[in-house]
Amino acid sequence: MPPETEFDPSTTARRRAKPRKASTSALGEGQRIAKLLARAGIASRREIERMIEGGRVARDGVVITTPATVLTSLNGITVDGKAVKEPAPAKLWRFHKPAGLLTAARDFTGRETIYDHLARVAPDAPRMMPVGRLDLNTEGLLLMTNDGELKRQMELPATGVERTYRARAFGEVSQSQLEDLIHGITIEGIRYGKIDANLERRTGRNGWIEMTLTEGKNREVRRVLEHLGLKVSRLIRTRYGPFLLEGLEPGALDEVRRHDLITFRNTLK
């Protein structure tokens, strides 16, 4: 899947546009452009705001200067000179991310990304974005969507969507220590919310631990287990919300049934 086009400084000479007041339409009073473009699968809201700051978004050839611009449709909107289509129906895919792939659009050091892999296994797939991230050496379920608003809803801690991981770790830990994580824990000034953790089995000093959480802060599972004196040798995400990794081979991609997606979205409202 091709990466987003980089901003060309030569285009900065284009004249700047004043935000237009949206007229009444099927969207009523309209919506902010960042939200509409995210809904259309261009990028996340934050990334779109940066694209607007970089002069990459225009309406009828006039550069838009603020993400507060309100629109009732995407008619005439271009990103890097390319017309933006109205949002397609939201879709969600399960991807079994192997260890060793970056959850990124590109890597300037040449490391392989999820998009490099997906371009090979699903060359006809539409533009899609990951829901959350998995570290380079973390494997398992990575949900992908064409809908930036769905991505945002699923990632927000406020929505309380659960993520479940299985970690293989070396060291000594008791079930009592793991159960204490249900109250949350602070590590080096960072507060991690409640984690439902259970010791599945142990062989010598190696054990498998299952952990369910809702925040998904950067490297949360690894940092919590390392704080308990454990060394994580393998980390697999097995669930995100109601969607399971089960039945999906490493490196494979499949689409979530529309009925299942609609049912899930209704729980987010």
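Looking at Thr66 and Arg32, their side chains never come closer than 4.5 Å, going by heavy atoms from C-beta outward. Side chains of Ile77 and Ile33 form a contact here, defined as non-hydrogen atoms less than 4.5 Å apart. Contact of the Trp93 side chain with the Met128 side chain is registered, since non-hydrogen atoms from C-beta on lie closer than 4.5 Å. Contact annotation: the side chain of Arg59 approaches that of Leu71 to within less than 4.5 Å [non-hydrogen atoms, C-beta and beyond]. Using a 4.5 Å cut-off on side-chain heavy atoms (C-beta onward), Lys35 and Pro67 make no contact. When side chains are defined from C-beta on, Leu143 counts as touching Met154, because their heavy atoms get closer than 4.5 Å. The side-chain heavy atoms of Val131 and Leu142, taken from C-beta on, include no pair separated by under 4.5 Å. Taking 4.5 Å as the limit, every side-chain heavy atom of Ile262 sits out of range of all side-chain heavy atoms of Arg265.
With Arg133 contributing its side chain and Thr103 its backbone, the two residues share a donor-acceptor pair below 3.5 Å. A donor-acceptor pair under 3.5 Å is formed between the side chain of Arg239 and the backbone N or O of Gly241. Checking side-chain atoms of Arg237 against main-chain N and O of Leu141 turns up a donor-acceptor pair under 3.5 Å. A donor-acceptor contact shorter than 3.5 Å links the side chain of Asp107 to the backbone of Gly110. Counting only distance, with no hydrogens or angles, the side chain of Asp80 and the backbone of Val57 share no donor-acceptor pair below 3.5 Å.
Counting only N and O atoms by type, the side chains of Arg56 and Thr78 include no donor and acceptor under 3.5 Å apart. Residues Ser73 and Asn75 bring a donor and an acceptor atom of their side chains to less than 3.5 Å of each other. Side-chain atoms of Ser44 and Glu47 form a donor-acceptor pair, as typed in the model, at a separation below 3.5 Å. No side-chain donor from either of Thr164 and Thr238 sits under 3.5 Å from a side-chain acceptor of the other.
With rounding to the nearest 0.5 angstrom, the CD atom of Glu246 is 12.0 Å from the NE2 atom of His96. A distance of 8.0 Å separates CG of Asn198 from CD of Glu200, quoted to the nearest 0.5 Å. Between the CD1 atom in Ile185 and the CD atom in Glu220 there is a gap of 10.5 Å [rounded to 0.5 Å]. Of the inter-residue distances, the one linking Gln177 atom CD with Leu225 atom CG reads 11.0 Å to the nearest 0.5 angstrom. For the atom pair Leu101 CG and Leu134 CG, the distance stands at 10.0 Å (nearest 0.5 Å). For the atom pair CG of Leu213 and CG of Leu181, the computed distance is 10.5 Å after rounding to the nearest 0.5 Å.
The 12-atom threshold is not exceeded at NZ of Lys85, counting heavy atoms of other residues, nucleotides or ligands nearer than 6.0 Å. When the shell of 6.0 Å around CZ of Arg46 is examined, it contains 12 or fewer heavy atoms from other residues, nucleotides or ligands. The local environment of CZ in Arg191 is crowded, with over 12 non-hydrogen atoms from other residues, nucleotides or ligands closer than 6.0 Å.
When all heavy atoms are compared, the tightest approach of Ala40 to Leu74 is CB-CD1, 3.9 Å. The heavy-atom pair separating Ala169 from Leu230 by the smallest distance is CB-CB, 4.0 Å. Minimum heavy-atom separation, Arg111 to Asp116: O-OD2, 4.1 Å. For the residue pair Ala167 and Leu235, the shortest heavy atom distance occurs at CB-CD1, 3.7 Å. Heavy atoms only, all atoms of each residue included: Gly193 and Glu215 are closest at N-OE1, 2.7 Å. Shortest non-hydrogen contact noted between Pro130 and Tyr115 is CD-OH, 3.2 Å.
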Worksheet item: Does the pair Met211 and Ile209 meet the rule for a side chain to side chain contact (heavy atoms under 4.5 Å, CB included), with working shown?
Response: CA-CA 6 Å; Met211 304 175 70; Ile209 300 168; 3.8 Å; yes
Worksheet item: Given the rule in the side chain to side chain contact (heavy atoms under 4.5 Å, CB included) test, do Tyr165 and Ile236 qualify, once you have shown the distances and angles that lead to the verdict?
Response: CA-CA 5 Å; Tyr165 297 80; Ile236 310 167; over 6 Å; no
Item to complete: List the steps and the verdict of salt bridge (Lys or Arg N to Asp or Glu O under 4.0 Å) for Glu139 and Arg234.
Response: CA-CA 8 Å; Glu139 57 194 286; Arg234 190 177 180 190; 3.0 Å; yes
Discussion item. Between Thr212 and Ile195, does the side chain to side chain contact (heavy atoms under 4.5 Å, CB included) criterion hold? Intermediate values first, please.
Written reply: CA-CA 6 Å; Thr212 297; Ile195 300 173; over 6 Å; no
Item to complete: Let me see the working for Arg94 and Glu255 under salt bridge (Lys or Arg N to Asp or Glu O under 4.0 Å), right down to the final yes or no.
Response: CA-CA 6 Å; Arg94 297 186 309 154; Glu255 186 175 346; over 6 Å; no
Item to complete: Test salt bridge (Lys or Arg N to Asp or Glu O under 4.0 Å) on Glu155 and Lys151 and set out the steps.
Response: CA-CA 6 Å; Glu155 290 176 345; Lys151 167 184 167 71; 2.8 Å; yes
Discussion item. Using side chain to side chain contact (heavy atoms under 4.5 Å, CB included), reason through Ile52 and Thr65 one step at a time and then give a plain yes or no.
Written reply: CA-CA 6 Å; Ile52 291 172; Thr65 61; 5.7 Å; no
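In terms of hydrophobic clustering, with Ile, Leu, Val, Met, Phe, Trp and Tyr side chains grouped at heavy-atom distances under 4.5 Å, Tyr240 and Leu156 are assigned to different clusters. No path of Ile, Leu, Val, Met, Phe, Trp and Tyr side chains, each step under 4.5 Å between heavy atoms, connects Val173 with Phe170, placing them in separate hydrophobic clusters. Both Ile190 and Val232 are assigned to one and the same hydrophobic cluster, defined by single-linkage of ILVMFWY side chains at heavy-atom distances under 4.5 Å. Linking Ile, Leu, Val, Met, Phe, Trp and Tyr whenever their side-chain heavy atoms come within less than 4.5 Å leaves Phe95 and Leu102 in two separate clusters. Under a hydrophobic clustering in which Ile, Leu, Val, Met, Phe, Trp and Tyr are joined whenever their side-chain heavy atoms come within less than 4.5 Å, directly or via other members, Val224 and Ile182 fall into different clusters.
Remark: Lys91 does not engage Asp147 in a salt bridge, criterion side-chain N to carboxylate O under 4.0 Å. Using a 4.0 Å cut-off between a side-chain N of Lys or Arg and a carboxylate O of Asp or Glu, Glu226 and Lys231 do not qualify as a salt bridge.
Using a 30° and 60° split on the angle between ring planes, Phe264 and Phe243 fall in the perpendicular class, above 60°.
Among the candidates Lys97, Arg120, Arg106, the single residue satisfying the salt bridge (charged side-chain N to carboxylate O under 4.0 Å, His left out) test with Glu112 is Arg120.
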